[in-house]
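Comments concern the structure below.
Just so it is clear, the values below take in all heavy atoms, side chains as well, and ignore hydrogens, waters and symmetry mates.
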Amino acid sequence: MIGKILSTDFLKIKRKGFWLLTFLGPFGVVALQMVNYGFRKEYLLKQSNDDWGYYLVNVSAFTPLALVLGIAILTSFISSVENETNAWKQLLALPVSKMSVYLSKFTVLAILLFISSVLLLVLTLVYGIFLDLGNEIPFIDLLKYSFYPYFAALPILALQLWFATVSQNQGIPITAGILGTILTYSAYYLPDWMIWKWPTLMNEWKEPIINVALGIGVGFLLYIVGMLDFTRRDVK
């Protein structure tokens, strides 16, 4: 049953701009480095003996912002698809559970964001090779910088989807998303327990894997809370 709901949700987002946003996020992050290295390549290459490492740090500086903002936009859009056509009641009138509907929405968004992370990895690698940063490509670091923020951001995805599905006014989740982006931008000053800091992979222990573990664990808990709240509410 969940497979059929997923197929339906992917059909609904077709030609709605979701796939374009999925591509624009990672492209925008790498494009900023295209501009950066395009104008200051010689200067930037002098800043570190590890050209690949310094390049990845520059790319990763913008990844959390794009990720958090992208989550806010995508979660609002996926709820708006149902709101625009008043389709919630029609959808839930079918022999499907509210839990399955909520799981499908979350899964679609998680897949889109995972694809964005894959695209970020590919685009970062391709442009790094184009810059001729060296033959010893740090594939492990490339994987970490591409996918760690994704897993660390799962609580934000769960929270934003919760807001988007239960809010009558989509201005509320969008406002929350913008506030979350601002908090992520100010992550250096945030305490380690705030979920908007986790995609930056910063913590007092200097162990990014802690953010990943917290992201998966807390993300699951927030998903459960959001799903239970969605199932007990009246349809829109």
Sub-4.5 Å side-chain heavy-atom contact between Met99 and Leu228: yes
Pairwise ring pair (Phe, Tyr, Trp, His ring centres under 6.0 Å) hits with a residue in residues 177-197, at least two apart: none
Set of side chain to side chain donor-acceptor pair (under 3.5 Å) partners for Ser104, sequence neighbours left out: Asp9
Ring geometry between Phe18 and Phe77 (parallel below 30°, tilted from 30 to 60°, perpendicular above 60°): perpendicular
Exercise: identify the closest heavy-atom pair between Val29 and Val59: CG1-O, 3.5 Å
Atom CD1 of Ile140 with >12 non-hydrogen neighbours under 6.0 angstrom: no
Minimum-distance pair of heavy atoms, taken over all atoms of Ser117 and Tyr150: OG-CB, 3.4 Å
Reported CE-to-OG distance for the pair Met227 and Ser100, which is rounded to 0.5 angstrom: 9.5 Å
pair Leu119-Phe27: side-chain heavy atoms closer than 4.5 Å: no
Glu136, CD: over 12 other non-hydrogen atoms inside 6.0 angstrom: no
Ile209-Phe220 co-clustered via ILVMFWY side chain contacts under 4.5 Å: yes
hydrophobic_cluster_shared for Leu44 and Ile129, side chain cutoff 4.5 Å: yes
Min side-chain heavy-atom separation Thr107-Ile111 under 4.5 Å: yes
Smallest separation among heavy atoms of Trp52 and Thr124, with atom names: CZ3-O, 4.4 Å
Cluster link Phe130 to Tyr37, ILVMFWY, side chain under 4.5 Å: yes
Nearest non-hydrogen partners of Ile78 and Lys105, listed with the distance: CD1-O, 3.9 Å
Spacing of CG belonging to Asn203 relative to NZ belonging to Lys197, to within rounding of 0.5 Å: 7.5 Å
Trp198 and Leu154, any side-chain heavy atoms less than 4.5 Å apart: no
From OH (Tyr102) to OG1 (Thr165), nearest 0.5 Å: 4.5 Å
Minimal non-hydrogen separation, Ile195 against Ile156, with atom names: O-CD1, 3.6 Å
Common cluster, Leu214/Trp205, ILVMFWY with side-chain heavy-atom separation under 4.5 Å: yes
Beyond-backbone contact of Lys41 with Leu131, side-chain heavy atoms, under 4.5 angstrom: yes
Minimum side-chain heavy-atom gap Phe106-Leu157 below 4.5 Å: yes
Connected via hydrophobic side-chain network under 4.5 Å: Leu159 and Leu183: yes
Residue pair Leu121 / Phe147, side-chain heavy-atom distance below 4.5 Å: yes
Value rounded to 0.5 Å, distance of CD1 in Ile5 from CG in Leu103: 8.0 Å
Within-4.5 Å side-chain heavy-atom neighbours: Leu112 and Trp19: yes
Taking every non-hydrogen atom, the tightest pair across Pro155 and Leu222: O-CD1, 3.5 Å
